[in-house]
Amino acid sequence: MKMRLHPEPFERIKSGKKKVECRLYDEKRRRLEVGDVIEFESRETGDIVEKEVGALHVFPTFEEMFVKYPEERINNVYQYYTPEEEREMGVMVIEFK
């Protein structure tokens with residue numbers, strides 16, 4: 001599976017500082033399984049980094065997700081997703097191995 005990232009989160013994943021990625025629990029993410037490899041692509045440079053899925057966690061809202069993953073609050077998720085999308089699909093956290 002391929003996912004595109006803005007430069008700052010891409011660099012944090014590449015360096016190993018960012019150990020999880022949060023996304024809407026949409027049709028594409030519902031196909032993810034532990035052990036899958038995700039190819040992250042920088043939107044700015046086109047660089048690629050691969051990460052193996054270690055665990056998947058689904059939450060009804062970002063607020064509930066932030067309770068378990070407070071470090072993800074630094075990302076303004078609503079610049080990428082609408083509250084309507086959040087309510088309709090739920091959210092997930094992808095933990096890397």
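Keep in mind that this is a model prediction, so the values were computed, not measured.
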Quick check for you: to the nearest 0.5 Å, what is the distance between Glu71 atom CD and Cys22 atom SG? 9.5 Å

Quick check: does any side chain N or O of Ser15 sit under 3.5 Å from a backbone N or O of Arg12, one acting as donor and the other as acceptor? yes

Give a yes or no on whether a salt bridge exists between Arg23 and Glu21, defined as a side-chain N under 4.0 angstrom from a carboxylate O. yes

Calculate, to the nearest 0.5 Å, the distance between atoms CD1 and NZ belonging to Ile38 and Lys2 respectively. 13.5 Å

State, to 0.1 Å, how close Thr61 and Val91 come at their nearest heavy-atom pair, and which atoms those are. O-CG2, 3.5 Å

Expected output: side-chain Lys14 to main-chain Pro9 donor-acceptor under 3.5 Å: no

Any Lys/Arg nitrogen of Lys19 or Glu95 sitting under 4.0 Å from an Asp/Glu carboxylate oxygen of the other? no

Donor-acceptor contact below 3.5 Å, side chain Glu72 vs main chain Tyr69: no

Rounded to the nearest 0.5 angstrom, the CE-CD distance for Met3 and Glu39 is 11.0 Å

State the CD-CD distance between Glu50 and Glu41, to the nearest 0.5 angstrom. 12.0 Å

Is the closest basic N to carboxylate O distance between Arg87 and Glu84 below 4.0 Å? yes

The test is side-chain hydrogen bond (donor to acceptor under 3.5 Å, both in side chains); show your working for His6 and Glu44 and say whether it passes. CA-CA 7 Å; His6 290 282; Glu44 184 175 80; over 6 Å; no

Using a 4.5 Å cut-off on heavy atoms from C-beta on, say whether the side chain of Lys68 contacts that of His57. yes

According to the interplanar angle, ranging from 0 to 90°, do the rings of Phe62 and Tyr81 count as parallel (below 30°), tilted (30 to 60°) or perpendicular (above 60°)? parallel

Test of ring centre spacing under 6.0 Å for Phe40 and Phe96: yes

Where Ile94 and Leu56 come nearest, the two heavy atoms and their spacing: CG1-CD2, 4.0 Å

